Amino acid sequence: MPRPIRATISLPALSHNLQVVRRHLEFARQHAKNNNKQEYKAPFVWAVIKANAYGHGLENAVRAFAQADGLALIDLNDAVRCRELGWHKKILMLEGFFEAADLPVLQQYNITSSVHHIDQIHMLEQMPAGNAIDVFLKINTGMNRLGFMPSDAAARFLDLLSLQQQGKLGSIGFMSHFACADGAIGAVDEPVSLMKQAINDLPGAISLCNSAATLRYPQLALSARESWVRPGICLYGASPFDTLHEQAGNFGLLPAMSLKAKLLSVQQIKKGQSVGYGATFTAEHDTRIGVVACGYADGYPRHAPTGTPVIINGIRSRLVGRVSMDMLTVDLDPVPDAREGDWVHLWGSEGPHIDEIAGYAGTISYELMCALAKRVPVEVIE
Ligand SMILES: *Cc1c(COP(=O)(O)O)cnc(C)c1O
């Protein structure tokens with residue numbers, strides 16, 4: 001028998017969240033139509049499934065995001081795996097290809113690539129004949145990680161155009177990634193204007209918005225051009241924001257990943273006694289402590305402090321003491337009927353929101369999702 005810990009991945013929740021994104025964009029589109037009488041096409045949606053679909057499993061994501069227009073990821077082997085799983089629509093490599101040997105794979109499997117570095121252009125120039133590859137030219141509008149400077153966009157576009165004329169490339173689009181779409185309102189103004197200047201009258205599709213920009217500035221996804229959004233975290237039911245009015249539930253997003261583990265043991269400790277490594281929690285009165293079969297080696301954050309919420313038998317209680325490798329401890333005083341074998345919901349549909357746990361642990365839900373450990377058995381809800 002596996003340890004009594006389970007992650008649950010809800011495919012209906014993933015599909016629902018994709019629909020939420022579509023409805024959100026459609027609402028913005030109708031709004032624009034009513035206000036400036038301009039008719040935009042509905043933006044296309046890449047479902048971002050990098051990092052094993054943010055810990056939710058590649059295969060689960062491919063099935064649940066069947067209605068997406070494309071999948072976007074980082075690892076070429078994962079892209080090939082998506083094709084083997086039967087994904088026939090577009091696949092975008094967010095960081096492009098890493099070496100010349102990747103190119104025949106892109107050709108064979110019809111995989112779209114971002115192009116962010118001059119070395120990639122040189123590799124494309126040397127590429128043996130094969131199927132034409134669709135590309136997105138990546139422009140650095142202030143993130144300063146990947147991409148060409150806006151002032152180089154036109155020159156690099158001409159490089160790509162020449163490769164297109166040689167039959168090596170198919171369509172050429174443009175993409176950029178925001179550093180602060182989740183930050184202060186207006187933080188996207190400068191990158192947007194840099195992007196506009198960069199691509200000006202160059203033809204091609206455009207892709208700007210991650211989850212934060214899609215949810216907060218959906219009008220940026222509306223363009224006279226073909227336009228693609230790249231939501232990730234919101235598809236998994238978490239919020240990219242840390243504001244009160246922009247929580248995941250306020251957008252109608254449903255948590256797709258849940259984590260629970262059983263009570264292995266119950267300890268009655270006396271006032272003044274402590275629990276766990278470092279004795280970081282000392283009971284202020286006689287307290288019933290539950291020992292839960294989940295630790296940091298399962299992906300529960302070790303930095304979660306005493307007070308981090310858990311839900312037991314529908315009642316909210318709290319973590320106490322330090323999270324250890326295979327166990328954590330909780331306060332059972334609010335749940336007098338809790339017994340060994342009861343499930344403790346650590347996050348997800350029956351637990352606290354993963355964004356809340358991330359907040360307590362001083363991180364973001366992205367990191368918790370990605371850190372779900374391989375050793376945790378996963379149940380998939382169809
Ligand atoms: C990860 C990533 C996204 C998705 O970001 P979220 O904040 O999860 O929506 C979009 N675009 C690029 C280039 C990314 O690397």
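In listed order, ligands and their atoms are each counted from 1. Only a predicted model underlies this, so the values are computations on that prediction, with no experimental measurement involved.
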### Query
Does Asp298 pair with Arg375 as a salt bridge, N-O distance under 4.0 Å?
yes
### Message
Please list, in number order, the atoms of ligand 1 under 4.0 Å from a heavy atom of Ile233.
### Response
6 (P), 8 (O), 9 (O)
### Shortest protein heavy-atom distance from atom 12 (C) of ligand 1, along with the residue and atom involved
His177 CE1, 3.4 Å
### Message
Under a 4.0 Å threshold between the charged nitrogen and the carboxylate oxygen, would Glu26 count as salt-bridged to Arg29?
### Response
yes
### Task
Provide the number and element of each atom of ligand 1 under 4.0 Å from a heavy atom of Tyr366.
6 (P), 7 (O), 8 (O)
### Query
Numbering the atoms of ligand 1 from 1, which are under 4.0 Å from a heavy atom of Tyr54?
1 (C), 4 (C), 5 (O), 6 (P), 8 (O)
### Query
Taking both backbone and side-chain atoms of Ala212, is any N or O found less than 3.5 Å from an N or O belonging to ligand 1?
no
### Message
If the contact criterion is a heavy-atom separation under 4.0 Å, does Trp46 count as touching ligand 1?
### Response
no
### NZ/NE/NH1/NH2 to OD/OE distance under 4.0 Å, Lys90 and Glu226
no
### Task
Compute the minimum heavy-atom distance from Met369 to ligand 1 and say whether it is under 4.0 Å.
no
### Task
Name the orientation class of the two ring planes belonging to Tyr54 and Tyr236 (parallel below 30°, tilted from 30 to 60°, perpendicular beyond 60°).
parallel
### Task
Examine Lys138 against ligand 1 and note whether any of their N/O atoms are separated by less than 3.5 Å.
no
### Query
Who's the nearest protein heavy-atom neighbour of atom 10 (C) of ligand 1, and how far?
Arg230 O, 3.3 Å
### Message
Once you restrict to heavy atoms under 4.0 Å, what part of Ser211 touches ligand 1? Side chain, backbone, both or neither.
### Response
both
### Arg318 and Asp331 ion-paired at < 4.0 Å
yes
### Query
With the threshold set at 4.0 Å, does a side-chain nitrogen-carboxylate oxygen contact exist between Arg63 and Glu382?
yes
### Residue Gln67 excluded, over 12 heavy atoms near CD under 6.0 Å
no
### Task
State whether Glu350 and Lys260 are salt-bridged, where the test is any N-O pair (Lys NZ or Arg NE/NH1/NH2 against Asp/Glu carboxylate O) under 4.0 Å.
no
## Note on the structure
Closest to atom 14 (C) of ligand 1 among protein heavy atoms sits Lys50 NZ, 2.9 Å
